[in-house]
2 protein chains.
Amino acid sequence: MVQMRRLKPASRASNKAPRLTQAERTAISDGRMLEAAMALVLERGTHNTTLREVGELAGYSRGLASNRFGSKDELFAELIDVFNERWKKESSALVGSKTGLEAFDAANESIIDFMNDNSDYIRAMFILYYETVGSSTVMRERLAEQHGAYRRAIARYISQGIAEQTIKRTVDPTRVALQYTSFFFGLVYQWLANPDAIEFESALHDFRDAMIQVIGETDMAVRRSA
Amino acid sequence: MVQMRRLKPASRASNKAPRLTQAERTAISDGRMLEAAMALVLERGTHNTTLREVGELAGYSRGLASNRFGSKDELFAELIDVFNERWKKESSALVGSKTGLEAFDAANESIIDFMNDNSDYIRAMFILYYETVGSSTVMRERLAEQHGAYRRAIARYISQGIAEQTIKRTVDPTRVALQYTSFFFGLVYQWLANPDAIEFESALHDFRDAMIQVIGETDMAVRRSA
DNA sequence: AGTCCACTCGCTTGTTTCGAGCAAGCTAGT
DNA sequence: ACTAGCTTGCTCGAAACAAGCGAGTGGACT
């Protein structure tokens with residue numbers, strides 16, 4: 001059970017006036033509520049989280065979450081957007097200007113890094129991802145859009161790898177991309193259901209190696225360099 | 001929108017007395033309600049399906065679904081159990097007494113068959129599977145149990161394959177099993193989000209071939225027959 | 001063997017509780 | 001005084017539970 005202590009509400013009565021703009025104020029309360037929502041989703045899933053709890057855990061009233069986000073669905077959509085933003089930033093920081101196989105490996109490692117540092121974050125994110133799949137068409141379309149983006153990103157790395165002759169030219173990038181994303185989503189799914197049973201990092205490395213063994217140019221079928 | 005016509009309630013006033021036991025009676029109404037629940041989940045997801053609708057679509061009253069299953073969660077748990085039962089039957093029919101690589105391929109094909117014949121069924125089943133992952137601990141444990149069973153089954157086929165020398169003896173069955181189940185769950189997940197983007201059958205075949213290329217004895221790295 | 005009563009059990013209906021969502025109201029800064 | 005962030009009041013609907021209804025059944029008594 002999450003301790004329902006109310007966080008101090010935005011310290012408005014501070015001695016030196018913080019001098020905030022309106023946008024900054026709402027950003028603070030929104031942030032607090034999103035954080036609270038994440039904690040609650042982690043603990044009980046979206047289903048058993050109420051907007052009342054979100055508002056109160058964030059240090060506000062019963063109704064604020066409703067008032068700001070309009071609906072539960074929109075709150076969670078917002079959460080997913082925040083997650084995606086942060087993920088994209090993390091990933092592109094590690095991939096940088098790399099291309100092809102190198103970029104692919106960097107992306108792979110960025111997932112592992114992100115996972116190690118923010119496993120709760122990731123957990124909540126994917127709970128949202130998976131629960132959304134049975135929702136309204138609107139939500140599902142956004143999800144499909146995201147999935148497509150992942151697949152395209154991977155496919156691009158593979159194409160580059162072919163151009164750079166680190167990957168066999170007989171390989172179909174979109175098929176490989178689908179294999180990779182499928183493996184990844186499925187791995188996370190099983191990890192969510194039973195974290196103890198899944199060795200996340202080594203599973204990803206194993207899969208990467210197996211994949212390169214199939215799609216890499218023969219002299220490339222080596223262990224990734226640490 | 002599902003047409004909300006009430007099905008004829010169990011024809012008790014039949015001319016030749018059906019002479020049913022209590023257990024048979026409840027089995028009929030339970031079955032009708034599970035069927036209704038499936039249809040509604042398919043159409044709107046678990047979220048937007050009410051117990052009232054389930055009962056009424058099945059041809060009964062507002063409250064029966066509640067009365068029988070106790071809670072929404074338990075109804076869906078029951079649905080999952082029914083699905084699993086049917087799946088297991090289908091699968092073991094095709095696997096039969098096969099072992100090793102043959103059994104693995106048969107299992108793979110059974111999925112494809114089941115998919116082609118009952119895609120709605122599967123769809124509903126996995127919506128439930130994925131939505132459950134963020135639920136209460138009890139539910140998640142059942143899910144974890146299921147996942148573990150799948151992994152163990154695949155691992156057994158791999159082990160047999162090693163014994164039969166169709167699969168390299170350097171292969172770790174549990175790792176390969178995890179790769180396979182991950183791929184499968186992730187593929188279904190993306191298919192749920194966007195059925196049009198995913199070519200289910202060929203994706204499974206592709207993956208199977210890639211896997212065998214890695215784990216099969218060199219002379220085994222051939223296309224599956226048919 | 002036939003009649004009747006009481007009981008069982010599948011199903012319904014009444015009711016409570018609680019969450020989502022909306023609207024109107026309040027209040028601290030400008 | 002006005003704006004804008006936040007709260008409170010309220011309505012609607014779903015879940016869950018309890019009490020009730022009624023058809024069919026078994027047992028007792030004649």
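Naming: A, B, ... by sequence-line order, numbering from 1 per chain. Computed from heavy atoms alone, side chains included, the values below leave out hydrogens, waters and symmetry copies.
- We find that CD of B:Glu74 is positioned 9 Å from P of D:dA16, with the value rounded to whole Å.
- Checking C:dG21, D:dA16, C:dG10 against every side-chain atom of B:Ser71, the shortest atom distance belongs to D:dA16.
- Rounded to whole angstrom, the span from the NE2 atom of B:His47 across to the C1' atom of D:dA15 amounts to 14 Å.
- If you take CG of A:Leu75 and C1' of C:dG21, they are 13 Å apart, rounded to a whole angstrom.
- The CG-C1' distance, from B:Asn48 to D:dA15, rounds to 15 Å in whole Å.
- The distance between the ring centers of A:Phe183 and A:Tyr180 does not fall below 6.0 angstrom.
- Protein atom CZ of B:Arg25 is 17 Å distant from nucleotide atom P of C:dT8, rounded to whole Å.
- Atom CD of A:Glu56 is separated from atom P of D:dT8 by 10 Å (rounded to the nearest Å).
- Across C:dG21, C:dG10, D:dT7, the shortest atom-to-atom separation from the side chain of A:Tyr60 is found for D:dT7.
- Look at CG on A:Asn67: it is 9 Å from C1' on D:dT7, rounded to the nearest Å.
- Looking at which nucleotide of DNA chain D each of B:Thr50 and A:Gly63 is closest to, the 5′-most match is held by A:Gly63.
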> Could you walk me through whether A:Arg86 and A:Asn118 pass the side chain to side chain contact (heavy atoms under 4.5 Å, CB included) check?
Replying inline: CA-CA 11 Å; A:Arg86 198 164 145 177; A:Asn118 311 279; 2.9 Å; yes

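- Residues A:Tyr121 and A:Met115 form no side-chain contact, since every pair of their non-hydrogen atoms from C-beta on lies 4.5 Å or further apart.
- Between the CZ atom of B:Arg62 and the C1' atom of D:dC17 there is a distance of 11 Å, rounded to whole Å.
- Where B:Leu64 and A:Gly70 each meet DNA chain C at their nearest nucleotide, the meeting point lying more 5' is that of B:Leu64.
- B:Arg52 has a carboxylate O that lies under 4.0 Å from a charged side-chain N of B:Glu56, or vice versa, which qualifies the two as a salt bridge.
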